[in-house]
S.K.: 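Have a look at this one before I ask anything.
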2 protein chains.
Amino acid sequence: MPEAKRPDLAAMMAPLARALTAAELPVLERHDLTMWGYAVLLGLGDQPVYTQAALAKAIRADKTRIIGVLDDLQQRGLIRRDPDPADRRARLVSLTPAGRTTRDRAQREIREQEEILLAQLPAADRRTFLRCLQTLWASNTDRPD
Amino acid sequence: MPEAKRPDLAAMMAPLARALTAAELPVLERHDLTMWGYAVLLGLGDQPVYTQAALAKAIRADKTRIIGVLDDLQQRGLIRRDPDPADRRARLVSLTPAGRTTRDRAQREIREQEEILLAQLPAADRRTFLRCLQTLWASNTDRPD
DNA sequence: TATTGTTATACTCTATAACTATA
DNA sequence: TATAGTTATAGAGTATAACAATA
């Protein structure tokens, strides 16, 4: 069976990504999070620490880009920035319990939001689709850049 | 089988879309096309005409956004802008044969570029993935906005 | 009055350069 | 000298407002 006629990959991916992002915005707003704020909370994951530069790199942002974001999250008690005793230039960034809670709640709602889109796919297709998407995404984010 | 742990949809889609777009750029440059120029050539499709406003809407661009793009494409003989005899405000935009050739060549190379990414997927998965992607994309672009 | 195409302006987002304090 | 964090500036991309011509 030959491949069906279809738009270019980027022509499908880019609008879909935009739509997904737009759909997330109201959810994030309910938790007083910006897209970058949410990205930071996700980027901190469960590993306890990071330097700001490493964190920025992990979420593919400029190091200057996230400073205001960190300021805001810290002031609201969602993250901590502790001076590294071993290198007084660096700040160790970590999630507070409140930050973890906020992150998890926001993510749960975002996953529910995604269901609206994914519900269009039959269960078997859906599993394959997500597996493929994750494969492509992983192979891409591994790149040196 | 429960769904595997995975990043948020948008967190996978957005970087992938960016990577795909970035990979297209060198191809488009070889044909002296910008992303918007390519989008315009694709938007003109095989239907002969449009008004500029309708074309802009079809490719989800601002009507003011594409004016410079149309100027450039017209000057290079890839499109035509004919005054509509029925409504002298409107311009009927159409592809010239040269425009069609350029569009088809660029698209062929872009499809080859996509193969690098898609080659990671087993043939069966790949077909399902593309079918799903097209389904989600179509349901989304149908939206009123 | 509404609409097409256009230009000029303002705004948002991002990257670049420059500074400080440490190493 | 090199690096972490920071600030201020400049750039790209986009949308908004305003205009002339036509309906």
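Chain identifiers are assigned alphabetically (A, B, ...) following the order of the sequence lines, protein sequences preceding nucleic acid strands; residue numbering begins at 1 within each chain.
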S.K.: Any salt bridge between A/R81 and A/D71, counting N to O under 4.0 Å?
M.R.: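 Salt bridge present between A/R81 and A/D71.
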
S.K.: Check B/D125 with A/R131, please: is the shortest side-chain N to carboxylate O separation under 4.0 Å?
M.R.: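 Answer for the salt bridge query: yes.
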
S.K.: Atom CD1 of B/I67 to atom P of C/dT6: distance rounded to whole Å?
M.R.: 5 Å

S.K.: Specify the separation, in whole Å, of atom CD1 of B/I66 and atom C1' of D/dG13.
M.R.: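 Rounded to the whole Å, the gap is 16 Å.
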
S.K.: Between A/L70 (CG) and D/dT7 (C1'), how many Å, whole number?
M.R.: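 It works out to 15 Å between those atoms.
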
S.K.: Expressed in angstrom and rounded to an integer, what is the separation of B/D82 atom CG from C/dT4 atom P?
M.R.: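 In whole Å, C/dT4 P lies 18 Å from B/D82 CG.
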
S.K.: Report the residues that fulfil side-chain hydrogen bond (donor to acceptor under 3.5 Å, both in side chains) with A/R100, sequence neighbours left out, ordered by chain and then residue number.
M.R.: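 For A/R100, the residues satisfying side-chain hydrogen bond (donor to acceptor under 3.5 Å, both in side chains) (neighbours in sequence not counted) are A/D46.
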
S.K.: So, using side-chain contact (heavy atoms from CB on, under 4.5 Å) as the criterion, who are the partners of B/T51 when residues are at least two apart?
M.R.: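 Partners of B/T51 under the side-chain contact (heavy atoms from CB on, under 4.5 Å) test: B/A53, B/A54, B/A90.
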
S.K.: Write down the protein N/O and nucleotide N/O pairs, taken from nucleotides 20-23 of chain D, whose separation is under 3.5 Å; answer none if there are no such pairs.
M.R.:
residue: D/dA23; atom: OP1; partner: B/R88; partner atom: N; Å: 3.0

S.K.: Would you call A/D72 and A/R76 a salt bridge, taking side-chain N to carboxylate O under 4.0 Å as the test?
M.R.: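 Salt bridge between A/D72 and A/R76, a charged N being under 4.0 Å from a carboxylate O: yes.
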
S.K.: Identify the pairs formed between an N or O of the protein and an N or O of nucleotides 12-18 of chain C at a distance under 3.5 Å, and give each distance.
M.R.:
residue: C/dT14; atom: OP2; partner: A/W36; partner atom: NE1; Å: 3.3
residue: C/dT14; atom: OP2; partner: A/R65; partner atom: NE; Å: 3.0
residue: C/dT14; atom: OP2; partner: A/R65; partner atom: NH2; Å: 3.1
residue: C/dT16; atom: O4; partner: A/T64; partner atom: OG1; Å: 3.3

S.K.: Could you pull out all residues at least two apart from A/D84 that satisfy side-chain hydrogen bond (donor to acceptor under 3.5 Å, both in side chains)?
M.R.: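 Partners of A/D84 under the side-chain hydrogen bond (donor to acceptor under 3.5 Å, both in side chains) test: none.
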
S.K.: Counting only side-chain heavy atoms from C-beta out, which of C/dT6, D/dG5, C/dT4 sits nearest to B/Q52?
M.R.: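 Looking only at side-chain atoms, B/Q52 lies closest to C/dT6.
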
S.K.: Side-chain donor-acceptor pairs under 3.5 Å in residues 8-29 of chain A, sequence neighbours left out?
M.R.:
residue: A/D8; atom: OD1; partner: B/Q107; partner atom: NE2; Å: 2.9
residue: A/D8; atom: OD1; partner: B/R111; partner atom: NE; Å: 2.8
residue: A/D8; atom: OD1; partner: B/R111; partner atom: NH2; Å: 3.1
residue: A/D8; atom: OD2; partner: B/Y38; partner atom: OH; Å: 2.6
residue: A/T21; atom: OG1; partner: A/A17; partner atom: O; Å: 2.7

S.K.: Between P on D/dT3 and NZ on A/K57, what's the gap in Å once rounded to a whole number?
M.R.: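 These atoms are roughly 13 Å apart.
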
S.K.: Do you know which of A/R105, A/R103, A/E109 makes side chain to side chain donor-acceptor pair (under 3.5 Å) with A/H31?
M.R.: A/E109

